[in-house]
> 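Have a look at this one before I ask anything.
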There are 4 protein chains.
Amino acid sequence: MTAVKKKTSRSAPVLESAPPRGRGRPRDLQVREAILRAAREIIEASGPAGLTMEGIAARAGVGKPTVYRWWADRHAVAMDAMMQEHGDPAAMSPQRKGRVAIKALQRQLETVAEVFASRAGRNMASMLAAADSDSELAKTFRNHFVMARREEGRSLLNEAVANGELRNGIDIDVALDMIYGALFFRLLMGHATLDRGAVQKILAHAIGGLGLSEQ
Amino acid sequence: MTAVKKKTSRSAPVLESAPPRGRGRPRDLQVREAILRAAREIIEASGPAGLTMEGIAARAGVGKPTVYRWWADRHAVAMDAMMQEHGDPAAMSPQRKGRVAIKALQRQLETVAEVFASRAGRNMASMLAAADSDSELAKTFRNHFVMARREEGRSLLNEAVANGELRNGIDIDVALDMIYGALFFRLLMGHATLDRGAVQKILAHAIGGLGLSEQ
Amino acid sequence: MTAVKKKTSRSAPVLESAPPRGRGRPRDLQVREAILRAAREIIEASGPAGLTMEGIAARAGVGKPTVYRWWADRHAVAMDAMMQEHGDPAAMSPQRKGRVAIKALQRQLETVAEVFASRAGRNMASMLAAADSDSELAKTFRNHFVMARREEGRSLLNEAVANGELRNGIDIDVALDMIYGALFFRLLMGHATLDRGAVQKILAHAIGGLGLSEQ
Amino acid sequence: MTAVKKKTSRSAPVLESAPPRGRGRPRDLQVREAILRAAREIIEASGPAGLTMEGIAARAGVGKPTVYRWWADRHAVAMDAMMQEHGDPAAMSPQRKGRVAIKALQRQLETVAEVFASRAGRNMASMLAAADSDSELAKTFRNHFVMARREEGRSLLNEAVANGELRNGIDIDVALDMIYGALFFRLLMGHATLDRGAVQKILAHAIGGLGLSEQ
DNA sequence: GGATAATCGAGACGGTACGTCGCGTCTTCAT
DNA sequence: ATGAAGACGCGACGTACCGTCTCGATTATCC
């Protein structure tokens, strides 16, 4: 839920539940789309830093108060805009059947890496930390864009343990942080590539471990 | 090296090499200190978001143009300010002897985790992505604050391999990203603690691997 | 018409014609008054040189951009401010009946001299030449404050000629410049007084001429 | 004498009398010339409003303090610069013999009008009022550029009265203000031409008077 | 159907901060 | 002592956005 601020309940953006059906003129959904499209285009053109409320309103052909009516600040708009493009988690791992969970994990990681490596990925990264760190918004941002993927991995790992593909007793959270953290680290630092080979290597090292096989 | 912009070369901040000894009045080092101190105090008090050039100048008792003479923007000041406090890499791993490299690595990771977990750590994190992502400044920032620690780890890992503490053939970069990435991931996402226990678990999982010991 | 600069037409100040009745929020006339009042007070207190946009905005309790929205620079504000005080030409010669035009002229000149000799007069003088000489603004300034009075004299002179109070064939423009120029000259140079006696003498010399009566 | 301000007696610019022959390095006269030349060129190129101390120093290849050592502010430099070009009063009326003083007056007025009508004339005009009205500098300015010419006229008028070319009993100051004021008025207002015809008409009207010849 | 009410475009408004320019003073080195 | 260079404190510049507000014009629901 994006930050809500004052009088008229600034609506929950992603997945609004009930159309309140109040009295006055109902909100124009085309306006919502126009605003989000404008935001996306601006981010595309000038990066997240170039995103301003005035710019959004102008490009959407909309009054500023209209934007403020539905979103608390530029970050909220940005998040909703990004959500429309890349927020669909279902698209990421439809391909897993019943076979090897590790293989499925690898495929998912590859998809994640692909998104991370794209321009949108870098944009998301720079929005991530820009948003005041522990604001409600920043958390949502992280949850939706990064942690959601990590959570997809959790079930795969659980499955892998259940399958006997991974050993018992591992701390799933630690494992997730090692794997997804490595990807994310590369995204933010930009010191290494983020391609399929990278994913494979990370996965292999995580599974194989750094220590001596026999001890 | 911080962003340099226009006419009079905005001096390299972190480790200026040659005192140019030109003609005119030499720059006043006390002014530099006052500015950096002011920046540190403001960040301390209001977070990195509360840092403004005007605020810095006012608190330092200095003209705005003086600040701009030496730093291109607020991020550059912030970076230099942080550097003074936490930029000393030597302080982090003086304790390693000649014995177990893994143990030394663990100690270094604990120190890193401690810094990350502190307020300054969160501040650094939020500055990290704020600075336009792939600007020269942002890169320096990352290199000095994060990658420098990672590099300390590299030599320890190399040593560990040489010692026979870790197996041959591992990709050191991947290993570093798994370990430091996991820490950094937790720093930014804030979904899990960053204490000694966490460090130990991460290290253990990285070394032991997720896979079956005997297969 | 004061200098107009950019996008939203910076409105004509003195005697705006049509209230545009556009869409958005209409401009607040109280703000306009507050700004002009502030400008007047500052000029009163510190002279025209002490007038700054920041000072105006601060004293009027108004944002700087609001001032810039309606006036292009400090001179434009000053002009409108002065206009409110001394721009009323009707106040200057209401007293003429149908009798001697020369007498009426003298009275008008005395009023002009009085204004010129006042503090406001000196202020106006120093604004006159300060404003970039042949900018649109400077012209308006001159037209409203000085030339308008000169024009009042024109009709009086015409009348005087028609009455037979002055001889035919004189060049009215030259006559006006001799008379009003003499006053203005004294205003700017400050080398001689600007009282009733001065006015009377100037008028007498202009009418009587410097030459020999009979030749 | 230009405004002198502080410690080392800022020397009188226009006609320094004695070379003080103090202790240290004597001042470099070439520097003085370079500064004044720079000032002239800047005024020529950008008008008096474009004249800044920094600009002068830069163009003259001189340190700012050097300029400030000898002139109190930009107006003082400007005045000295203009003085070099147009300050020579002797050049203006060498042609008078012993014959008709009125004729000589006319010739002098024509010269004055010519200077006034030139670009330099307009520049001088705009400097005139810009300089804080009753500062010492502004007075000097006026005295040198305008009043000096008026004074030249005074002796001519006196002579004309003595010759019988003009009638007795006229107030010379008033007469001067009528004539020179008319010229100056046209210079500042710019509402009428400033050519020979104008001078002739003004003179004719001043001498002939506006009133009826016989009454 | 007429009142009520929320929407939307537009844009003025009080602010804060931006980054720049010029001021006039100062400090340093070289002459 | 003079002079070139240029750092410094300061004040103002004019601009960009912020988030709020006040308009007129729609567009619905409710009485």
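By convention in this document, chain letters (A, B, ...) are assigned in the order of the sequence lines, proteins followed by strands, and residues within each chain are numbered from 1. Scope of the values below: all heavy atoms of this structure, side chains included, with no hydrogens, waters or symmetry mates.
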> Rounded to the Å, how far apart are C:Trp71 CH2 and F:dG14 P?
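To the nearest whole Å, that distance equals 15 Å.
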> Go nucleotide by nucleotide along DNA chain F from the 5' end; which of C:Thr52 and B:Val31 gets its closest nucleotide reached first?
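Between the two, 5'-proximity favours B:Val31.
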> Rounded off to whole Å, could you give me the CD-to-P distance for the C:Gln30 and E:dA12 pair?
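The answer, rounded to whole Å, is 17 Å.
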> Atom CD of A:Glu54 and atom C1' of E:dA12: how far apart are they, to the nearest Å?
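Checked: the CD to C1' distance equals 12 Å.
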> For the side chain of A:Tyr68, counting heavy atoms from C-beta on, which of F:dG14, F:dC10, F:dT20 is nearest?
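The answer is F:dT20.
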> Provide, to the nearest angstrom, the distance between the CE atom belonging to A:Met53 and the P atom belonging to E:dG11.
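From A:Met53 CE to E:dG11 P: 19 Å.
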> Round to the nearest Å and state the distance from B:Leu29 atom CG to F:dG6 atom C1'.
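To the nearest whole Å, that distance equals 15 Å.
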> Would you kindly check whether a donor in the side chain of A:Arg25 faces an acceptor in the base of E:dT7, or vice versa, at under 3.5 angstrom?
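In this structure, the two groups form a donor-acceptor pair.
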> Do C:Met83 and C:Leu36 come within less than 4.5 Å of each other through their side chains, counting heavy atoms only?
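Not in contact.
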> For A:Gly63 and C:Ala60, find the nucleotide of DNA chain E closest to each by heavy atoms; which residue's nucleotide sits nearer the 5' end?
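It is A:Gly63 whose nearest nucleotide is closer to the 5' end.
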> Tell me the closest heavy-atom pair linking D:Ala81 and D:Ala39, and the distance in Å.
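Closest approach of D:Ala81 to D:Ala39, heavy atoms only: CB-CB, 3.9 Å.
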> Roughly how far, to the nearest 0.5 Å, is CD1 of D:Ile43 from CD1 of D:Ile56?
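Rounded to the nearest 0.5 Å, the CD1-CD1 separation comes out at 7.5 Å.
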> Toward the 5' end of DNA chain E, which comes first, B:Leu51 or A:Asp28, by nearest nucleotide?
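Counting from the 5' end, the first nearest nucleotide belongs to A:Asp28.
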> Do A:Lys64 and F:dG19 have a side chain to base donor-acceptor pair shorter than 3.5 Å?
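Indeed there is one.
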> Do C:Arg32 and C:Trp70 have side chains that approach each other closer than 4.5 Å (heavy atoms only, starting at C-beta)?
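C:Arg32 does not reach C:Trp70 side chain to side chain.
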> Just how far, in rounded Å, is C1' of F:dT26 from CZ of A:Arg27?
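For the pair A:Arg27 CZ and F:dT26 C1', the rounded distance is 17 Å.
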> Using a 4.0 Å heavy-atom cut-off, does A:Gly61 contact any base of the nucleic acid, only the sugar-phosphate backbone, or nothing at all?
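Since only primed, P, OP1 and OP2 atoms lie under 4.0 Å of A:Gly61, the category is sugar-phosphate.
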> Rounded to whole angstroms, how far apart are CD1 on D:Ile56 and P on E:dG24?
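In whole Å, E:dG24 P lies 11 Å from D:Ile56 CD1.
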> OP1 or OP2 of E:dC8 versus the side-chain N and O atoms of A:Arg69: is any pair under 4.0 Å?
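So the side chain of A:Arg69 is within the cut-off, an N or O lying under 4.0 Å from OP1 or OP2 of E:dC8.
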> Can you measure from OG1 (D:Thr52) to CZ (D:Arg59) and round to the nearest 0.5 angstrom?
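It comes to 11.0 Å.
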> Compare side-chain N and O positions of D:Trp70 against OP1 and OP2 of F:dT2 and report whether any pair is under 4.0 Å apart.
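No, no such contact exists.
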> From the list E:dG9, E:dG14, E:dG15, which nucleotide is the closest neighbour of the side chain of C:Thr66?
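Selected nucleotide: E:dG14.
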